[in-house]
Amino acid sequence: MPTFNPIRQLPNIPHLSSKDTLVIFGEVFQRGYVNGMIEEAERLGMKVIYSTVGRRDSNNDLQKLSTLELAEKNQNPLINVPLEAGFDLLPWKDGTTLVDKLSPYKMSQWQEIAIDWVELDQIMKQAHEDFVKRTKNFLTELEKELPPEGHIIFAHTMAGGIPRAKIVMPTMNRIFKGSGERYQSSEEFINTSLGQLCLKSFDEVTANTFDILIEQTKNLRTSRMTKGFKVGYTAFGYHGCDALVGSNYVWQSYAPYLQGWAKIKLEQIAATHFKNNIYAAVYNAPEILTNSSSVFLGVEVCLYPLLSALKKEGLSPKHTLFQDCQKKLKPGVSLEEIEAYVQDYLNSDTTQALTNFETWPHHNQPLQMEKMKAASQQLIDMHLDAKDLITANLSEVVFKACGALMVQDITDTEAPVWWVGHDIVAKWAAKNLT
């Protein structure tokens, strides 16, 4: 378990310019954290090089993006080498995949799933080697796009890894969203074969890909360093974050977060390479509401206290951000009412149980899930439109701040693991939002 290491001061403006490059290792989708890094890189005049995880055809074979898909993405230049990671669709000895092997099980049988762990280990090794091969192909193409000189920042965006078998998501929905009769313990889940399988898959996608990226770019890194340039590696983590509770910033976390163990492994990988004088760092970002995070019930609740942090750190109450947020609320509902409600939630005994850093990742509890679900719904009900929440505005502030901080810090980073809390996000916003 690493020591809590939050960024408290804004970094100095980096020595980056149009001579330098940001390389995205993974795919860029809408409403994601990496968009903040891209915005900062473009502001500094850096070249941005994109990549893709590829697409599966009707036979589940991994393919490059088509000409039409490339045109629709409009991300140039884009290295069109599929970087999808994981092992759930790799054929076993009998020609079936892990997804095929899980398909006969009914929802009522998820706790009875049996897995041949010996053969799975072989499949995982094959998947790992295949990803290494595709990474090498990616880097060969990347060399053609890189300027001959300049610093390079690799932005690792790989995350997730939920096996694509039909039985998995309905089971996880009971963990992430269930309450009452539909509640399912996350601790019970990870102690089953299906749970252990998911943890292995999360590790492979979220963490091991970061290690492969760093290992396979050794020659490129050495070449740049001999010319006096730096190569940095950023990864997005989640390990709770500081939120304003009363007048103090308090570390808190979302639960249940099954990918938490993979995020810890990601941190360990960064720490190992950092010891070898490589600029590798994981930046643990605050919760935001994205297309992928929406699967987690109530993940957005701890975004609301950012309103109070923004005011505390000097963003004018007259700023258009607050005005835009107020317009999304029902008549008679104020931002102050939102803030007060969230403070009561954060101060409750149930939520305070999630402020123990040493015991993270935290598992869900029946009462905790009920209270989080109720809080989420109550806050949504304060809005005019349940699909147009102020958390969208606040999420944009978070990913912009995180992206800027990561780009500005990585080529001189002093630690392999950082926490980006609401305080530093608010400090960045007070200085940079116009």
Side-chain angles (χ1 to χ4, degrees), residues 1-11 26 32-37 40 153-161 202-203 205-207 209-211 232-245 249-274 279-290 292-293 296 299-303 305-306 309 354-362 394-395 397-410 413-428:
M1 175 66 69
T3 302
F4 182 49
N5 185 32
I7 298 177
R8 295 299 190 202
Q9 300 297 325
L10 294 172
Y33 284 102
V34 74
N35 290 284
M37 292 190 72
E40 179 66 8
I153 297 175
F154 283 96
H156 175 276
T157 67
M158 303 287 188
F202 298 153
D203 277 354
V205 175
T206 298
T209 51
F210 190 47
D211 189 51
Y233 304 85
T234 68
F236 290 90
Y238 176 73
H239 195 140
C241 83
D242 274 344
L244 190 60
V245 181
Y249 289 102
V250 178
W251 181 90
Q252 56 76 43
S253 75
Y254 170 85
Y257 190 63
L258 298 179
Q259 290 91 333
W261 288 271
K263 293 297 188 182
I264 289 177
K265 185 173 183 181
L266 183 68
E267 295 172 355
Q268 292 169 342
I269 288 169
T272 297
H273 289 290
F274 187 81
Y279 290 111
V282 172
Y283 296 83
N284 289 311
E287 300 93 332
I288 66 172
L289 195 60
T290 68
S292 58
S293 70
F296 302 113
V299 70
E300 81 288 354
V301 173
C302 284
L303 249 176
L306 181 58
L354 302 179
T355 60
N356 187 341
F357 180 80
E358 286 72 23
T359 58
W360 192 85
H362 299 131
L394 298 175
S395 293
V397 174
V398 170
F399 78 66
K400 284 176 180 287
C402 286
L405 293 167
M406 291 167 71
V407 170
Q408 293 172 14
D409 177 75
I410 187 58
T413 191
E414 296 179 355
V417 184
W418 293 101
W419 274 258
V420 182
H422 283 189
D423 59 335
I424 196 65
V425 168
K427 289 175 183 175
W428 178 89

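- Rounding to the nearest 0.5 Å gives a distance of 8.0 Å between CD of E414 and CG of D409.
- Across every non-hydrogen atom of V282 and F236, the tightest pair is CG1-C, 4.4 Å.
- Counting heavy atoms from C-beta on, the side chains of I424 and P6 never come closer than 4.5 Å.
- Residues L394 and E300 fail the side-chain proximity criterion, which asks for heavy atoms closer than 4.5 Å.
- Looking at I264 and W360, their side chains come closer than 4.5 Å, going by heavy atoms from C-beta outward.
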Let me see the working for Q408 and L10 under side chain to side chain contact (heavy atoms under 4.5 Å, CB included), right down to the final yes or no. CA-CA 9 Å; Q408 293 172 14; L10 294 172; 5.8 Å; no

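- Taking each heavy atom of E287 and C241 in turn, the nearest pair found is OE1-SG, 3.8 Å.
- Atom CG of D242 and atom CH2 of W419 lie 10.5 Å apart (nearest 0.5 Å).
- No donor-acceptor pair under 3.5 Å is formed between the side chain of K263 and the backbone N or O of T206.
- Between M406 and Y33, every side-chain heavy-atom pair lies at or beyond the 4.5 Å cut-off.
- Considering all non-hydrogen atoms of both residues, F274 and A280 come closest at CD1-O, 3.9 Å.
- Across all their heavy atoms, I288 and V299 have their closest contact at O-CG1, 4.4 Å.
- Remark: D211 does not engage K265 in a salt bridge, criterion side-chain N to carboxylate O under 4.0 Å.
- When side chains are defined from C-beta on, F202 does not count as touching W261, because their heavy atoms never get closer than 4.5 Å.
- In this structure, the separation between CG on N284 and CH2 on W251 is 10.0 Å, given to the nearest 0.5 Å.
- You'll find the ring centres of F4 and H239 outside the 6.0 Å limit.
- For the atom pair CD1 of I410 and CE of M37, the computed distance is 8.0 Å after rounding to the nearest 0.5 Å.
- Residue T413 comes nearest to A281 through the heavy atom pair OG1-CB, 4.2 Å, listed as atom of the first residue, atom of the second, then distance.
- From Q259, atom CD reaches atom OH of Y238 across 11.5 Å, with rounding to the nearest 0.5 Å.
- Put simply, the side chain of L405 reaches to within 4.5 Å of the side chain of P11, judged on heavy atoms.
- Counting only heavy atoms from C-beta outward, the side chains of V245 and Q252 never approach each other to under 4.5 Å.
- Nearest approach of V425 to P286, heavy atoms of both residues: CG2-CG, 4.3 Å.
- Rounding to the nearest 0.5 angstrom, the gap separating the NZ atom in K427 from the NE2 atom in H422 is 14.0 Å.
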